[in-house]
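Report on the following structure.
Quick note: numbers below take in every heavy atom, side chains included, and nothing from hydrogens, waters or symmetry partners.
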Amino acid sequence: MAKTIITYGTFDMFHIGHLKLLQRLKDMADELIVAISTDEFNIGKGKKVMIPYEQREEIVSNIKCVDKVIPEESWEQKLTDVEKYDIDIFAIGDDWAGEFDFLKKHCEVVYLERTKDISTTQLKKSLANFMSIPKEDIINAFEVIELLKKDFE
Ligand code: C2G
């Protein structure tokens, strides 16, 4: 009997932590459905996204192991989604451990270990740090690199 697994997330600035999660989920079932938080839902989560929903949806839809993408528009929809898509397993990273145990009455609930040393928050911080470097410092750095390259030619 084919098994269906579902997960929910923002998947902003898609990175290896997201990919490894989705790949592990697909190894657990025959069909993987990913519910992507809409921009409006993220405002409700208090989460500021860098990449708009349409692009996040297109990226995740093109991940080989993903079979279907739906919008995540509310916290409540998980209950209806489990019925609507005949879900066997709900799974999400363990940063949410325990938060969705109420689904245990309807399907298996699995919390997977997050991939270490990568997060959208970290990526945003690194980007913000880089953007805060004065433009002339960056130009100077590139000029130094060009000079050094000449020395090694
Ligand atoms: N993740 C991971 N490893 C990381 C970063 C993220 O395994 N280094 C997982 C998270 O645990 C989550 C998924 O990737 O299962 C998506 O992460 P987010 O986009 O941060 O998801 P979030 O905004 O927490 O949304 O209703 C549930 C929420 O919509 C979850």
Tell me the closest heavy-atom pair linking Cys107 and Asp88, and the distance in Å. CB-O, 3.4 Å

Show the nearest heavy-atom pair for residues Met28 and Ile89, with the distance to one decimal. O-CD1, 3.7 Å

Check the pair Arg24, Thr115 against side chain to side chain contact (heavy atoms under 4.5 Å, CB included), reporting the backbone distance first and the verdict last. CA-CA 11 Å; Arg24 282 178 289 161; Thr115 302; 3.9 Å; yes

State, with a plain yes or no, whether a side-chain heavy atom of Thr10 is found less than 4.5 Å away from one of Glu72. no

How far does CG of Asp27 sit from SG of Cys65, to the nearest 0.5 angstrom? 8.0 Å

How far does NZ of Lys68 sit from OH of Tyr85, to the nearest 0.5 angstrom? 5.0 Å

Are Arg56 and Asp39 close enough for a salt bridge, meaning some N to O gap below 4.0 Å? yes

Close side-chain approach of Ile6 to Asp81, heavy-atom, < 4.5 Å: yes

Taking the side chain as every heavy atom from C-beta outward, state whether Met50 and Leu127 have any pair of such atoms under 4.5 Å apart. yes

Would you kindly say whether Asp12 and Thr120 are connected by a side-chain donor-acceptor distance under 3.5 Å? no

Same hydrophobic cluster for Phe100 and Ile36, using side-chain heavy-atom links shorter than 4.5 Å among ILVMFWY? no

Taking atom NZ of Lys45 as the centre, report whether more than 12 heavy atoms of other residues, nucleotides or ligands fall under 6.0 Å from it. yes

Kindly compute the distance separating CD1 (Ile43) from OG1 (Thr38), expressed to the nearest 0.5 Å. 8.5 Å

Minimum side-chain heavy-atom gap Leu79-Leu103 below 4.5 Å: yes

Does Asp94 use its side chain to pair, donor to acceptor, with the backbone of Tyr111 at less than 3.5 Å? no

Leu22, Trp96: one ILVMFWY side-chain cluster at the under-4.5 Å cut-off? no

Within the distance-only criterion (no hydrogens, no angle test), does the side chain of Gln77 pair as donor or acceptor with the backbone N or O of Glu73 below 3.5 angstrom? yes

Between Glu108 and Val110, is there a side-chain heavy-atom distance shorter than 4.5 Å? yes

Supply the atom-to-atom distance Thr4 OG1 to Asp30 CG, rounded to the nearest 0.5 angstrom. 7.0 Å

Check the angle between the aromatic planes of Phe14 and His18 and answer parallel, tilted or perpendicular using the 30° and 60° thresholds. tilted

Would you check, one step at a time, whether the test side chain to side chain contact (heavy atoms under 4.5 Å, CB included) holds for Ile33 with Asp67? CA-CA 6 Å; Ile33 301 177; Asp67 298 290; 5.9 Å; no

For the residue pair Phe11 and Val60, what are the closest heavy atoms and their distance? CB-CG2, 4.0 Å

What is the ring orientation for Tyr8 with Phe90, classed by angle as parallel under 30°, tilted 30 to 60°, or perpendicular over 60°? tilted

Do the side chains of Leu21 and Thr7 get nearer than 4.5 Å, heavy atoms only? yes

Could you tell me if the side chain of Glu76 sits less than 4.5 Å from the side chain of Thr80, heavy atoms only? no

Please answer: with hydrophobic residues joined when any side-chain heavy atoms are less than 4.5 Å apart, are Ile145 and Ile133 in the same cluster? yes

With the 4.5 Å side-chain cut-off for hydrophobic clustering, are Ile63 and Val69 part of the same group? yes

Please check if the number of heavy atoms outside Glu58 that lie under 6.0 Å from its CD is greater than 12. no

Taken to the nearest 0.5 Å, the spacing of Glu146 CD from Asp151 CG works out to 11.5 Å

To the nearest 0.5 angstrom, please state how far the OG atom of Ser37 sits from the CD atom of Glu57. 13.0 Å

Applying the 4.5 Å side-chain criterion to the ILVMFWY set and letting contacts propagate, would Val34 and Ile16 be lumped into a single cluster? yes

Are more than 12 heavy atoms, taken from residues, nucleotides or ligands other than Phe142, located less than 6.0 Å from that residue's CZ atom? no

In terms of side-chain heavy atoms, does Ser119 have a donor or acceptor partner in Lys124 at a distance below 3.5 Å? no

